[in-house]
4 protein chains.
Amino acid sequence: MTLPARSLRSDAARNRELLLAAAEEEFSKRGMDASIADVARRAGVAKGTVFRHFATKEELVAVVVGGHFVSLSAVAGKLLESADPTGALLEFLTVAAKQLQHQDLVFLQAVTEGDPTVTECRNQLHAGTNALVDRAQEAGGIRSDVTGPDILLILCALVHTVGLQTEQSPDSLQRHLIILFDGLRPQGASPLPGPVPERL
Amino acid sequence: MTLPARSLRSDAARNRELLLAAAEEEFSKRGMDASIADVARRAGVAKGTVFRHFATKEELVAVVVGGHFVSLSAVAGKLLESADPTGALLEFLTVAAKQLQHQDLVFLQAVTEGDPTVTECRNQLHAGTNALVDRAQEAGGIRSDVTGPDILLILCALVHTVGLQTEQSPDSLQRHLIILFDGLRPQGASPLPGPVPERL
Amino acid sequence: MTLPARSLRSDAARNRELLLAAAEEEFSKRGMDASIADVARRAGVAKGTVFRHFATKEELVAVVVGGHFVSLSAVAGKLLESADPTGALLEFLTVAAKQLQHQDLVFLQAVTEGDPTVTECRNQLHAGTNALVDRAQEAGGIRSDVTGPDILLILCALVHTVGLQTEQSPDSLQRHLIILFDGLRPQGASPLPGPVPERL
Amino acid sequence: MTLPARSLRSDAARNRELLLAAAEEEFSKRGMDASIADVARRAGVAKGTVFRHFATKEELVAVVVGGHFVSLSAVAGKLLESADPTGALLEFLTVAAKQLQHQDLVFLQAVTEGDPTVTECRNQLHAGTNALVDRAQEAGGIRSDVTGPDILLILCALVHTVGLQTEQSPDSLQRHLIILFDGLRPQGASPLPGPVPERL
DNA sequence: GATGAATGAGGGTTCATTCAT
DNA sequence: TATGAATGAACCCTCATTCAT
């Protein structure tokens with residue numbers, strides 16, 4: 001009796017993972033326009049199964065978005081142990097940018113508004129980034145008047161917008177990141193690499 | 001009394017304006033999820049009337065987005081005559097940010113991709129911003145390795161992302177604009193005003 | 001006062017003709033799926049003008065269909081004076097077939113059901129074809145057990161159905177007309193021309 | 001009692017049948033003007049269910065039309081084994097006429113143009129009728145210059161037209177079939193039964 | 001009489017969600 | 001638990017018809 005129950009459970013767990021992965025993929029490609037049917041298809045399960053795991057589409061989005069916050073928090077947590085506070089912050093921004101670029105879910109935030117789980121995850125992330133920022137500021141690495149959320153917000157904006165470009169070179173993101181870095185430093189500017197973009 | 005003589009046409013013209021205003025409002029609030037029915041309702045006309053003025057939803061979006069580009073171009077054009085090149089660029093960014101903040105349609109760009117009219121409007125805007133940037137660069141006001149589209153892109157991203165925040169202080173946008181400005185200057189940083197944001 | 005009135009009248013009359021011609025064209029091409037807008041456009045007038053001349057779409061159809069009946073009646077009337085009764089009937093069928101093939105409106109009949117004007121026109125046509133058939137039967141040219149409407153009906157059916165074929169040779173209609181003729185003669189059969197059709 | 005075991009699938013199957021029957025009915029009455037909503041209503045299901053079974057209206061039409069071709073093919077196939085080739089052909093025409101009369105879908109052919117499944121079904125039907133015709137020709141039962149498609153086309157035309165008549169006697173179809181038969185025979189004609197039709 | 005703007009019902013189609021199996 | 005069939009609301013768009021000018 002317990003064994004089949006366990007096997008069912010693990011099947012369910014596996015389906016949940018498949019669904020989350022599929023949802024991430026679909027939502028990052030088509031936003032809320034991604035259909036539950038598409039998610040189910042990509043996960044290789046039936047539509048009904050999606051609703052067994054997530055009561056509504058919004059809940060699924062919330063879990064996906066929350067997961068991203070958690071994963072970014074983990075990065076921040078690890079870098080908090082670095083010996084170079086300023087380097088750690090820049091490293092965080094670079095890593096976070098790459099992750100966000102791979103799967104841009106920022107614009108789904110609005111949908112998760114008010115979800116307590118997502119809020120919790122986001123608060124955790126903010127705590128992490130604030131700590132990173134504090135350390136860098138203490139070390140004199142960045143201007144003293146910005147906060148973790150400030151930086152995070154700008155980062156998301158940059159990533160998202162780069163994604164909107166039709167002709168984006170591999171350096172597009174890097175260009176904008178450097179502008180951000182320079183804006184964060186107490187002093188001067190660095191050279192930008194790569195070809196210049198021609199269109200908005 | 002003489003004016004009402006041609007009121008039929010002017011009624012149609014009025015409806016067109018009402019529709020564009022309604023569309024701007026709806027699209028800026030709900031993006032492409034805004035329904036034609038909502039636009040019609042807000043404009044106070046029947047659904048069919050929308051299609052009399054704009055053959056498809058995409059066309060309506062294109063006209064609205066194109067209009068924004070034109071209006072931004074006008075701002076750029078006026079500032080091109082300023083005696084202070086660097087100040088003109090910063091002024092442009094500030095004004096543009098406010099306009100975009102009021103009605104953020106940037107994220108509808110993807111939908112208008114390939115529309116020749118929108119493309120034309122966008123090119124004009126790019127020309128204007130490039131000119132502003134060139135002048136500021138010649139005056140040594142901003143780093144020499146960025147382009148008009150670079151800056152515009154970042155600006156749009158900031159506005160859009162700030163708009164996603166639920167609890168945004170009036171200074172939110174300004175804070176981030178200043179970081180952007182500082183990232184653009186060849187040298188140091190400026191103080192950030194206002195309360196610090198708490199959430200992403 | 002009378003002159004401008006007259007000129008208006010003749011303009012109206014001209015528009016009526018233009019509309020009927022346009023309607024014939026459109027309806028024969030697309031049946032009831034032809035839109036009033038298309039008819040108006042082809043006639044070079046505004047949509048509203050169509051409704052000034054014909055109260056409803058159905059009325060327009062009725063007038064067009066009635067006109068066809070009248071025109072076929074005229075052909076029958078002329079051939080009634082022929083010295084060769086059997087030849088006259090066959091000639092009628094051939095001419096009628098060509099006219100119908102050019103503009104097939106038979107399938108719009110259902111729409112005109114109950115319209116007294118169309119009924120009148122149709123009755124006149126039936127009188128004409130009955131007379132043609134009677135004469136041919138008296139002359140021993142065709143079997144004595146068919147009627148004018150029988151023949152007309154079959155003719156219309158053939159034309160319409162041939163019109164549905166995608167790959168119709170110019171001889172398609174002729175092939176089938178000859179089979180019909182042979183079915184009408186008291187005796188034997190005639191050779192069929194042209195390539196054989198491959199599809200239904 | 002053992003059968004209901006697989007009732008889920010059979011419910012779906014049942015709905016499919018209901019839908020096809022409803023579609024046949026509606027399409028044969030109103031052609032492509034029949035609405036999906038009407039079909040759904042007649043089948044007793046929701047509109048969405050129609051699209052679960054048939055992706056588009058065109059697909060539904062294609063399936064219905066294809067089904068008719070298949071069913072006619074079956075009749076032809078069975079009669080191919082008859083000992084009396086000429087009788088078999090006439091029997092086929094009679095049976096086919098009755099089936100077509102019950103549900104006239106000929107005029108929907110245009111819509112299915114290019115659909116590979118329908119094409120396949122139609123080709124099969126043509127093969128069957130050609131075989132029937134060949135045998136009848138070898139037996140000297142019908143003229144040697146007609147083909148299966150020829151006959152099929154005339155048959156469809158006759159049936160369709162009889163359907164257009166407002167006051168059709170039960171003999172209407174028979175009258176026209178006999179004319180067709182006589183047109184197919186190498187020699188003379190047969191008497192027509194029933195009252196003569198009065199209207200086109 | 002002519003125009004063309006406005007209306008609104010209706011059509012095909014999609015999709016989140018429910019539920020019987 | 002998983003499935004996928006069914007639902008029905010919502011969407012974009014078309015078109016006959018009305019009516020102010």
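Each chain gets a letter, A, B and so on, in the order the sequences are listed, and its residues count up from 1. Source: prediction; values computed, not measured.
Considering only side-chain N and O atoms, C:Asn15 lies nowhere under 4.0 angstrom from the phosphate OP1 or OP2 of E:dG1. Remark: A:His53 is in phosphate contact with F:dA2, judged by side-chain N or O atoms under 4.0 Å from OP1 or OP2.
Not counting sequence neighbours, the partners of B:Glu26 by the salt bridge (Lys or Arg N to Asp or Glu O under 4.0 Å) test are B:Arg42.
With rounding to whole Å, D:Leu60 atom CG is found 15 Å from E:dG11 atom P. Between the CZ atom of A:Phe54 and the C1' atom of F:dT1 there is a distance of 15 Å, given to the nearest Å. Here the C1' atom of nucleotide E:dT3 and the CG atom of B:Asp11 are 14 Å apart, to the nearest Å. The CD-P distance, from A:Glu59 to E:dT17, rounds to 10 Å in whole Å. Across the protein-nucleic acid pair, C:Glu26 atom CD and F:dA16 atom P stand 11 Å apart, rounded to whole Å. If you measure from atom CZ of A:Arg52 to atom C1' of F:dG4, you get 13 Å, rounded to the nearest angstrom.
You'll find the side chain of A:His53 stays beyond 4.5 Å of the side chain of A:Glu59, heavy atoms only. In this structure the side chain of A:Asp38 reaches within 4.5 angstrom of the side chain of A:Arg30, judged on heavy atoms. Side-chain atoms of B:Glu120 and B:Thr117, non-hydrogen and from C-beta on, never get closer than 4.5 Å to each other.
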- Query: Pairing of DNA chain F as dot-bracket, 5' to 3': ( ) intra-strand, [ ] crossing, | other strand, . unpaired, with Watson-Crick or G-U pairs under 3.5 Å?
  - Reply: .||||||||||||||||||||

- Note on the structure: Once base and sugar-phosphate atoms are separated, protein heavy atoms under 4.0 Å mark nucleotides 10-15 of chain F, 5' to 3', with B, S and - as BSBBB-

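Picking from E:dT7, E:dG1, F:dT7 the nucleotide with the shortest atom distance to the side chain of D:Thr49 gives F:dT7.
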- Query: Could you walk me through whether B:Arg14 and B:Asp11 pass the salt bridge (charged side-chain N to carboxylate O under 4.0 Å, His left out) check?
  - Reply: CA-CA 5 Å; B:Arg14 171 152 179 67; B:Asp11 265 27; over 6 Å; no

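Evaluated for a side-chain contact (heavy atoms from CB on, under 4.5 Å) with B:Cys121, the options B:Val63, B:Val65, B:Val70, B:Asp115 yield exactly one hit, B:Val70.
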